[in-house]
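Before any comments, here is the structure.
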Protein chains: 2
Amino acid sequence: MKGREFKDAMYDGLAKLMKALANPARLEIIEMLSQGEKSVEGVVEATNLTVANASQHLQVLKNNNIVNSRREGHYVYYSLVNDDFLALYQHITKFAVSEIAVLEKTMNRQREDNHATNAVNLEELESMINDKNVLLMDVRPPSEYELGHISGAVSVPMNELLCCLKDFSKDQEIIAYCRGPFCVLADEAVKVLSENGFKVRRLDEGYPEWKMRQLKSN
Amino acid sequence: MKGREFKDAMYDGLAKLMKALANPARLEIIEMLSQGEKSVEGVVEATNLTVANASQHLQVLKNNNIVNSRREGHYVYYSLVNDDFLALYQHITKFAVSEIAVLEKTMNRQREDNHATNAVNLEELESMINDKNVLLMDVRPPSEYELGHISGAVSVPMNELLCCLKDFSKDQEIIAYCRGPFCVLADEAVKVLSENGFKVRRLDEGYPEWKMRQLKSN
DNA sequence: CAATTATTCAATATACTTATTGAATATATT
DNA sequence: AATATATTCAATAAGTATATTGAATAATTG
């Protein structure tokens, strides 16, 4: 192989990987799968996609070694290929949010609109984890909580939150978290809880970021 | 802003960044600019692109906050926007080379074809740096060497190597390095030198990877 | 200020990507 | 075996990306 051919092969391959990531629907699917495996139907429920379209995007991700699939009965379950990919995805989102002005601004505005500007980060959370006056609340759907959650967290799915407000004390500080920085469930939870007189903040990151942080420290 | 609008804005922005990276020509330009700033002409010399095409790709990179430009006389010089981006780029290439089978295979074959399978990595290099019996050879064009090089390296541009073989001792071990893992200059140098009876290996990475490693350790 | 050099712009033709539709397949249930 | 359910496939039309060409612009030199 000539030098130019080698370079072309490498850059073409690299570009192919980037192309697989260069679509908003696929990025959202990746974020959903970073909570744990999901069937096509599960992906559809968590996004705005049609079944055929979600399946098509999942094929693209599969052909680029970003996701794996396994069949179980009627369902085909998809999952991220490994934690190295999850680390890469988080590196990309972190860069985008901190270095691309438009995204930083959109993010800040979203937090402001939901009284969630005083977000807690993972480092701060660590120092609060043994505090009996702090309640860590996972507001994702129960299926995602079951596939993995921050240790010590209580599952309070967002769509059940309003019904069980009376179960929580207004003396405790509540930290709500969800899928990650782009997920709005924790923002919605903060809004509802603060409007009802609770002390509440959201976690800046989500479960997948906590998981990767745990992995690194071991 | 509704939750769905926020998500769309974030994923669209993220996808836009990925799209800017989803082209082999632009990835090669990024690799060239990671050696230091270059004019459009400089980029053209280092790649296979026409002037108009290179300029067009540079505009795309500029519109996505990946490169900056400054004018000096006739020339417009482009450079990577910051080291955070360089870190991201290196994270991407590292993932691709170690996790995408086709790329790993292509890479290994290239190394084999050039008797360069016994590459040295940056960690190993560190322990050799004070060894008087090791000659560290920068085979990139002199302009790139001048913009920054591994400390202790001697500049021996690839196209001048054949003329000055007599200047080097066959007792010293030579470590050749260039722009990075996708650059073929060091492979060519290893081929020429080993065919002429020198003890030679290539550095697995290149100058930009060394630079980022230095940054991290400080 | 005319000529030169480096870069950018604009237009175009080709190729790729995507969402949508409806049909096909594969597994499980009755 | 027939039916139901979940997923994939195939075809299409609309939108997007790219390399190429030649003209336009911007700064320098003679």
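Below, read A as the first sequence line, B as the second, and so on, with proteins coming before strands; counting in each chain starts at 1.
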Task: Between A:N82 and B:E99, a side-chain donor and acceptor under 3.5 Å - done: yes
In whole Å, I'd like the distance from the [atom1] atom of [X] to the [atom2] atom of [N].
| X | N | atom1 | atom2 | result |
| --- | --- | --- | --- | --- |
| A:N63 | D:dC9 | CG | C1' | 13 Å |
| B:Q59 | C:dA6 | CD | C1' | 13 Å |
| B:D12 | D:dG15 | CG | C1' | 14 Å |
| B:R70 | D:dA27 | CZ | P | 15 Å |
| B:L58 | D:dT18 | CG | C1' | 15 Å |
| B:Y75 | D:dT28 | OH | C1' | 11 Å |

TODO: For B:S143, check side chain to side chain contact (heavy atoms under 4.5 Å, CB included) against everything at least two apart and list the hits.
DONE: B:P141
Task: Sequence-distant partners of A:E45, side chain to side chain contact (heavy atoms under 4.5 Å, CB included), two or more places apart - done: A:E41
Open item on the list: With side-chain hydrogen bond (donor to acceptor under 3.5 Å, both in side chains) as the rule and sequence neighbours excluded, what pairs involving residues 89-98 of chain A come up?
Closed with: A:E31-A:Y89
Task: Pairs touching residues 181-192 of chain B that satisfy side-chain hydrogen bond (donor to acceptor under 3.5 Å, both in side chains), sequence neighbours left out - done: B:Q110-B:D187, B:D187-B:R202
- [ ] Determine, stepwise, if the pair A:Y177 / A:Y207 fulfils ring pair (Phe, Tyr, Trp, His ring centres under 6.0 Å).
- [x] CA-CA 7 Å; A:Y177 77 87; A:Y207 165 68; 7.4 Å; no
Task: Under 4.0 Å protein heavy-atom contact, by nucleotide of nucleotides 14-27 of chain C - B base, S sugar-phosphate only - done: ---SSBBBB----B
- [ ] Could you pull out all residues at least two apart from B:F168 that satisfy ring pair (Phe, Tyr, Trp, His ring centres under 6.0 Å)?
- [x] none
Open item on the list: Under the rule for side-chain hydrogen bond (donor to acceptor under 3.5 Å, both in side chains), what residues qualify as partners of A:E205, not counting sequence neighbours?
Closed with: none
Open item on the list: List the residues meeting side-chain hydrogen bond (donor to acceptor under 3.5 Å, both in side chains) with B:E209, not counting sequence neighbours, and say none if there are none.
Closed with: none
Open item on the list: Measuring to OP1 and OP2 of D:dT8, would you say a side-chain N or O of A:S55 lies under 4.0 angstrom away?
Closed with: yes
Open item on the list: Can you see if the side chain of A:Y78 gets near the phosphate of D:dT8 - specifically, an N or O under 4.0 Å from OP1 or OP2?
Closed with: yes
Open item on the list: Need one value for A:Y77: base, sugar-phosphate or nothing, where a base atom within 4.0 Å counts as base even if backbone is also close, heavy atoms only.
Closed with: nothing
Open item on the list: Counting only heavy atoms and a strict 4.0 angstrom limit, can you tell me which residues of residues 36-46 of chain A come near DNA chain C?
Closed with: none
